[in-house]
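In what follows, every chain begins at residue 1, and chains take the letters A, B, ... in the order their sequences are listed. Everything numeric here is computed off the predicted structure, so don't read it as measured data.
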Amino acid sequence: MAGVGKYNAQEVENHWYDYWMNHGYFHSEIDERTPYTIVIPPPNVTGVLHMGHMLNNTLQDVLIRRARLKGFNACWVPGTDHASIATEAKVVAKLKSEGIEKSDLTREEFLEHAWEWTHKHGGIILEQLKKLGASCDWQRTKFTMDPDLSESVIQVFVDLYRKGLIYRGYRMVNWDPEAKTTLSDEEVIHQERQGHLYYINYAVADSKEKVLIATTRPETLLGDTAVCIHPEDPRYTHLKGKEVIVPICGRKVPIIEDTYVAMDFGTGCLKVTPAHDENDKVLGEKHQLEVIDIFNDDATLNEQGLHYKGQDRFAVRKAIVEELKTLGCLEKVETHTHKVGTSERTGAVIEPKLSDQWFLKMKDLAQPALDAVLNKEVMLVPEKFINTYRHWMEGVRDWNISRQLWWGHQIPAYYYGSGREDFVVAATLEEALELARKRSGNAELSHEDLTQDADALDTWFSSWLWPISVFDGIRNPDNPEINYYYPTNDLVTAPEILFFWVARMIIAGYEYRGARPFENVYLTGIVRDKQRRKMSKSLGNSPDPLDLIDKYGADGVRVGMLLSSPAGNDLMFDEDLCQQGSSFVNKIWNAYRLVSGWTISEEIPQSDSDRKAIEWYAQKFQSVLGEIEDHFSKYRISDALMATYKLVWDDFCSWFLEWVKPEYGKAISADTYAQVVALFEANLKILHPFVPFVSEEIWQKLSVRTKDQALIIAQWPEINAPDTDLIQAFEHTKEVVSGIRTLRKEKNISFKETIDLTVNDVANLGDYYQSAVAKFCNVAQVNYADVAPEGALSFRVRSNEYYVPVSGYVDVQQERKKLLEELAYTEGFLKSVRGKLSNARFVDNAPEAVVAAERQKETDALAKINTINSALESLG
RNA sequence: GGGUCAUUAACUCAGUUGGUUCAGAGUGUUACCUUGACAGGGUAGAAGUCACUGGUUCGAAUCCAGUAUGACCCACCA
């Protein structure tokens with residue numbers, strides 16, 4: 001056997017990826033075919049591939065390759081996201097390590113560093129995706145800060161502003177003191193923390209009385225501007241209208257009354273700090289309280305912090321508690337668990353802060369996007385996410401879209417005066433100037449008089465346009481590409497960004513295209529380790545995907561990822577799965593090695609046995625193909641893979657190839673060979689989405705192909721209804737084979753010893769699969785007999801009795817025992833069936849088919865009892 | 001505090017509208033086989049009180065109620 005050696009994944013994978021790239025198979029242009037489009041969830045431009053990406057992109061590649069084979073014009077648009085806050089944080093850290101502070105730089109200087117960083121690290125992740133086999137249309141690679149995409153973002157901002165949906169407001173926002181920027185509500189993670197509830201006495205002005213207040217944040221008392229009680233709280237009636245003295249700063253503040261206060265929590269008396277708490281702010285507005293901000297942007301205290309000025313909030317908390325103790329104001333301290341908001345990006349504890357920010361009104365925009373999901377115009381897979389989605393959309397709040405960052409799209413608002421409203425919003429400076437002149441009535445205004453808003457837009461304000469902007473559908477809403485590729489078909493992403501991204505894309509889709517951005521959203525789970533911990537860099541429990549690919553091959557890793565990834569459920573990743581994947585690849589490869597080693601002869605006519613094997617496998621293939629289609633239609637990708645896996649491993653390799661395999665040293669009929677190869681090729685087609693490399697390799701080795709005949713662009717097998725009778729008949733044969741194998745094993749009859757087989761009913765085994773029995777079990781002859789031959793081993797398949805007359809192996813006692821056991825079981829079964837059938841309520845209520853099935857069982861059981869009795873008799 | 005989902009073999013999961021001999025798969029495991037594709041192989045086997053308790057039904061892993069455990073999402077009680 002010449003030539004074909006062990007499989008070398010690395011070599012094969014590099015070779016075929018280059019080949020696919022060089023021949024442009026991944027590239028899509030508009031043509032007469034129906035498009036099938038996926039836009040990649042753009043990873044952070046400077047990110048590196050992690051297991052989540054791996055899962056995500058493997059799924060997308062499976063879908064896109066399958067679509068390509070099914071004759072769609074498959075287009076998978078890759079790209080990256082500028083990831084405003086994440087990237088800026090990395091650049092700031094990098095500069096810091098070089099001794100440069102961001103505050104020392106101008107915006108332009110900083111952006112230069114950021115671009116340099118982006119060019120250096122950007123796109124690494126896309127190169128990594130290529131190792132995985134991702135068949136993205138790389139010519140279409142986009143970046144959210146490409147000039148055209150940036151223009152689209154600005155255009156949308158201006159448009160929404162003019163529609164009155166974007167506004168500037170002085171609001172309580174989530175402040176990340178580490179990144180020194182605001183965050184949207186979605187970027188705040190609430191974590192349960194063990195804290196304390198401090199009970200502090202405030203002195204009542206002009207009296208000896210004290211009032212006890214409970215708080216988790218004693219340091220904010222420096223910003224207190226009132227104390228609030230419930231108007232109907234009998235404990236505090238005498239305090240109405242009085243004032244109290246805030247400890248340490250000695251500020252005299254009013255006691256106000258509001259039903260907002262819960263009488264049953266703490267002491268029923270609340271300190272009000274309008275600058276540092278959302279609810280207090282509401283109270284402050286209602287009661288016209290003074291607002292005293294005590295923090296700097298980095299959450300150290302400002303001059304309002306008195307002698308604590310310049311110190312960090314948490315240090316101050318400790319110090320203030322000590323001071324209160326010294327002053328005798330601290331009554332007691334209780335432990336208290338409560339939820340603390342932290343930054344999704346930096347982990348810093350969020351500080352509620354009042355400031356001027358830009359907001360997008362969401363309520364009206366969200367309505368069509370909510371309807372679309374509820375009426376399944378956009379399908380969420382799995383459907384359980386529909387509820388989550390609805391809940392969020394119904395309660396959606398205005399979106400804070402401004403960030404105090406430099407890396408990103410700068411807000412196109414221009415200030416021309418000192419008033420709060422002295423600004424205009426425009427896509428270009430020229431346009432802004434014109435508008436500013438008009439608004440101010442000052443025709444003398446020049447460029448120098450305009451100052452652009454310093455803030456950048458939230459990253460998601462650009463990615464929510466992604467499915468549209470990658471086809472330039474914002475700037476040129478009528479261009480052929482957007483009309484052809486949009487709406488896209490499937491989106492594959494993580495549920496974590498359902499609100500951040502998916503919901504907002506749907507909103508943008510209806511607002512800017514009047515149509516859904518995609519038909520289906522496949523939400524993957526989180527990749528976890530064996531201990532169910534989320535895989536993360538910080539835990540160090542995440543294998544490097546590229547190491548895995550080195551070790552198991554990309555095909556092996558793809559199979560490993562897909563073997564256990566039901567939509568929306570977490571994936572318990574175990575490296576053994578990749579091992580299983582690579583074993584599968586090896587199995588496919590060895591099937592090829594076998595076939596390639598055969599000597600082909602034109603002289604040999606096709607045997608009856610070969611013909612039957614081919615007939616059977618063709619039908620079996622059809623039957624499994626149908627299952628695979630069904631699984632894909634329900635996005636059950638693991639199941640589709642497992643069906644393919646079993647078809648190839650068990651049916652194709654273990655049954656079919658063993659069946660047609662010529663005896664050692666003999667040649668195979670040329671006709672048979674050609675048909676075996678054709679069936680092998682059909683297998684390769686359905687394998688290709690899962691294991692693109694090994695399938696292409698074998699495909700190209702089975703015969704010489706031109707570039708138009710590559711597997712990647714082959715035609716998916718035609719789907720026909722299988723002949724189920726034929727498949728059933730062979731299932732019966734398999735059981736007979738299995739029965740004989742068991743007998744051989746029990747009686748220790750060597751496979752080399754030829755045996756005969758006697759059947760009591762021709763109908764089921766028939767002569768059709770005699771050849772299979774002969775081939776698999778070394779059976780020389782099959783005979784038919786109505787009654788059991790004397791002194792034979794026996795077994796039963798369904799209602800048939802099979803006998804193997806082998807002298808010297810039959811232990812009469814043991815045979816009898818076995819038969820009696822089987823008889824007892826069958827009689828017991830018959831009894832239970834008859835029990836059901838004699839139950840009038842069952843016969844009356846159960847569907848006809850079910851009753852008929854029971855009657856059939858009864859008949860079968862009776863027949864079986866007869867054959868067993870006959871066998872017992874023959875034993876004597 | 002509100003909500004969603006899960007709980008089936010040692011592990012990871014199927015089990016479609018309740019109905020084939022009171023549950024299947026892959027992996028793992030056990031025994032045996034294996035110098036002609038593959039030990040990353042083959043054959044055969046063992047392994048489950050379908051979380052628990054009730055209920056509906058002729059019949060429940062499947063439907064209903066409750067309990068327990070776990071996961072996730074949302075939420076401004078100091």
Side-chain angles (χ1 to χ4, degrees), chain A residues 1 4 6-7 172 190 197 213-217 220 228 260-262 264-273 277-282 336 338-339 341 352 382 384-388 391-392 395 495-496 498-499 525-526 530 532 556 563-566 568-574 576-577 579-580 582-598 630 634 636 638-639 642-643 645-646 653-654 657-658 661 663-665 738 741-742 744-746 748 750-751 825-826 828-830 832-833 836 839-847 849-851 853-854 856-857 860-861:
Chain A
M1 199 177 89
V4 183
K6 291 210 167 185
Y7 185 63
M172 184 68 76
H190 290 93
L197 200 53
I213 287 163
T215 179
T216 53
R217 300 199 58 193
T220 60
C228 189
Y260 164 74
V261 178
D264 57 353
F265 187 89
T267 62
C269 191
L270 175 74
K271 68 195 257 320
V272 185
T273 323
D277 186 279
E278 175 88 47
N279 300 310
D280 291 13
K281 187 219 167 200
V282 174
H336 177 66
H338 59 139
K339 294 287 180 79
K384 68 177 178 187
F385 287 108
I386 295 174
N387 273 331
T388 318
H391 191 249
W392 188 77
E496 298 160 311
L498 184 61
F499 307 134
I526 295 165
K530 271 197 216 168
R532 293 189 173 262
L563 271 173
S564 181
S565 53
N569 281 342
D570 290 353
L571 163 64
M572 256 29 90
F573 182 79
D574 183 342
D576 292 349
L577 291 171
Q579 182 57 55
Q580 197 185 338
S582 104
S583 298
F584 182 47
V585 169
N586 184 254
K587 184 73 187 179
I588 303 166
W589 179 249
N590 277 299
Y592 164 68
R593 283 176 81 183
L594 172 68
V595 172
S596 70
W598 286 338
D630 184 51
K634 293 170 182 150
R636 299 162 73 143
S638 293
D639 293 337
M642 190 41 75
Y645 179 100
K646 284 197 277 190
C653 293
S654 298
L657 288 183
E658 292 294 336
K661 179 162 126 182
E663 276 175 60
Y664 183 63
S738 192
R741 280 172 175 162
T742 311
R744 277 190 185 275
K745 188 169 168 164
E746 273 175 12
N748 219 355
S750 162
F751 184 81
Y825 178 83
T826 313
F829 173 67
L830 179 65
S832 106
V833 171
K836 267 193 207 176
N839 182 338
R841 281 188 295 185
F842 171 74
V843 180
D844 294 344
N845 295 326
V850 175
V851 179
E854 290 301 315
Q856 184 59 47
K857 282 189 218 165
D860 290 350

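If you measure from atom CZ of A/Phe573 to atom C1' of B/U27, you get 14 Å, rounded to the nearest angstrom. Following rounding to the nearest Å, A/Asp280 (CG) and B/A78 (P) show an atom-to-atom distance of 11 Å. Residue A/Asp639 contributes atom CG, which lies 11 Å from atom C1' of B/G26 at whole-angstrom precision. Following rounding to the nearest Å, A/Leu577 (CG) and B/U27 (P) show an atom-to-atom distance of 11 Å. Atom P of nucleotide B/A71 and atom CE of A/Met572 are separated by 11 Å, given to the nearest angstrom. Across the protein-nucleic acid pair, A/Asp844 atom CG and B/C58 atom P stand 11 Å apart, rounded to whole Å. Going from atom CD of A/Gln580 over to atom C1' of B/A25 covers 11 Å, rounded to whole Å. Regarding A/Arg593, its CZ atom lies at a distance of 9 Å from the P atom of B/A37, rounded to whole Å.
With the nearest nucleotide of RNA chain B identified for both A/Arg217 and A/Lys661, A/Lys661 has the one nearer the 5' end.
In this view, A/His338 and A/His336 satisfy the ring-ring contact (aromatic ring centres under 6.0 Å, His included) rule, not counting sequence neighbours. Annotation: ring-ring contact (aromatic ring centres under 6.0 Å, His included) contacts of A/Tyr7 (sequence neighbours excluded): A/Trp589. Remark: A/Asp630 pairs with A/Lys634 by the side-chain hydrogen bond (donor to acceptor under 3.5 Å, both in side chains) rule, at least two apart or across chains. Applying the ring-ring contact (aromatic ring centres under 6.0 Å, His included) rule to A/Phe584 yields the partners A/Tyr645; only residues at least two apart in sequence or on another chain are considered. The side-chain hydrogen bond (donor to acceptor under 3.5 Å, both in side chains) test applied to A/Gln856 returns A/Asp860, not counting sequence neighbours. The ring-ring contact (aromatic ring centres under 6.0 Å, His included) search around A/Trp392 returns A/Phe499, not counting sequence neighbours. With sequence neighbours left out, the salt bridge (charged side-chain N to carboxylate O under 4.0 Å, His left out) criterion links A/Asp277 to no other residue. Considering only residues two or more places apart in sequence or on other chains, A/Lys857 meets the salt bridge (charged side-chain N to carboxylate O under 4.0 Å, His left out) condition with A/Glu854.
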Pairwise N/O distances under 3.5 Å, protein to nucleotides 72-77 of chain B:
from  : atom 1 : to       : atom 2 : distance (Å)
B/A75 : N6     : A/Lys339 : NZ     : 2.4
B/C76 : OP1    : A/Arg397 : NH2    : 3.4
B/C76 : O2'    : A/Asn279 : ND2    : 3.0
B/C76 : N1     : A/Asn279 : OD1    : 3.4
B/C76 : O2     : A/Asn279 : OD1    : 2.5
B/C76 : O2     : A/Asn279 : ND2    : 3.0

Atom pairs, protein N/O to nucleotides 8-10 of chain B N/O, distance under 3.5 Å:
none

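B/G66: Watson-Crick or G-U partner is B/C52, with both key distances under 3.5 Å. Applying the Watson-Crick and G-U wobble criteria (two distances, each under 3.5 Å), B/U21 pairs with nothing in any strand. For B/U4, the paired nucleotide is B/A71, the pair qualifying as Watson-Crick or G-U wobble because both relevant distances are below 3.5 Å. Nucleotide B/A78 forms no Watson-Crick or G-U wobble pair with any nucleotide shown, as no partner meets the under 3.5 Å limit on both distances. If you check B/U57 for Watson-Crick or wobble pairing at under 3.5 angstrom, you find it has no partner at all. Pairing partner, B/G41: B/C33, with both Watson-Crick or wobble hydrogen-bond distances short of 3.5 Å. Across all strands shown, B/G28 forms no Watson-Crick or G-U wobble pair with both key distances under 3.5 Å.
Closest approach of A/Lys587 to A/Cys653, counting heavy atoms only: CE-CB, 3.7 Å. Between A/Ile213 and A/Thr267, the closest heavy-atom pair is CA-OG1, 3.7 Å. Of all heavy-atom pairs between A/Lys271 and A/Thr273, the closest is NZ-OG1, 3.1 Å. When all heavy atoms are compared, the tightest approach of A/Ser596 to A/Val4 is OG-CG2, 3.5 Å. Here the closest heavy-atom approach between residue A/Leu197 and residue A/Ala214 is recorded as CG-CB, 4.1 Å.
Of the C1' atoms belonging to B/A46 and B/U30, the separation is 7 Å, rounded to the nearest Å. B/C72 and B/A10 have their C1' atoms separated by 27 Å, with the value rounded to a whole Å. For the P atoms, the distance from B/U29 to B/A65 is 43 Å, rounded to whole Å. Atom P of B/G24 sits at a distance of 13 Å from the matching atom of B/A47, rounded to the whole Å. Nucleotides B/G55 and B/A60 place their P atoms 12 Å apart, quoted to the nearest Å. Atom C1' of B/A9 sits at a distance of 30 Å from the matching atom of B/U56, rounded to the whole Å. Between B/A61 and B/U21, the two P atoms lie 14 Å apart (nearest whole Å). Of the C1' atoms belonging to B/C13 and B/U8, the separation is 10 Å, rounded to the nearest Å.
Atom OH of A/Tyr592 sits about 13.5 Å away from atom CG of A/Leu657, to the nearest 0.5 Å.
Ion pairing of A/Lys281 with A/Glu278 is absent here, as no side-chain N (NZ or NE/NH1/NH2) approaches a carboxylate O to less than 4.0 Å.
Within 4.0 Å of A/Cys269, counting heavy atoms only, lies no atom of the nucleic acid at all. Within 4.0 Å (heavy atoms only), A/Gln856 reaches no atom of the nucleic acid at all.
You'll find that the side chain of A/Met642 is closest to B/A25, out of B/A25, B/A78, B/C58.
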Go through A/Phe751 and A/Arg741 one step at a time and tell me if the side-chain contact (heavy atoms from CB on, under 4.5 Å) criterion holds.
CA-CA 9 Å; A/Phe751 184 81; A/Arg741 280 172 175 162; over 6 Å; no
What is the per-nucleotide protein-contact pattern of nucleotides 40-49 of chain B, from the 5' end, where B denotes a base atom under 4.0 Å from a protein heavy atom, S denotes such proximity for sugar-phosphate atoms only, and - denotes neither?
BSSSB-----
Under a 4.0 Å heavy-atom criterion, the protein footprint on nucleotides 15-22 of chain B, written with B, S and -, is S---BSB-
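Close to B/A37, at under 4.0 Å from its OP1 or OP2, lies no side-chain N or O of A/Tyr664.
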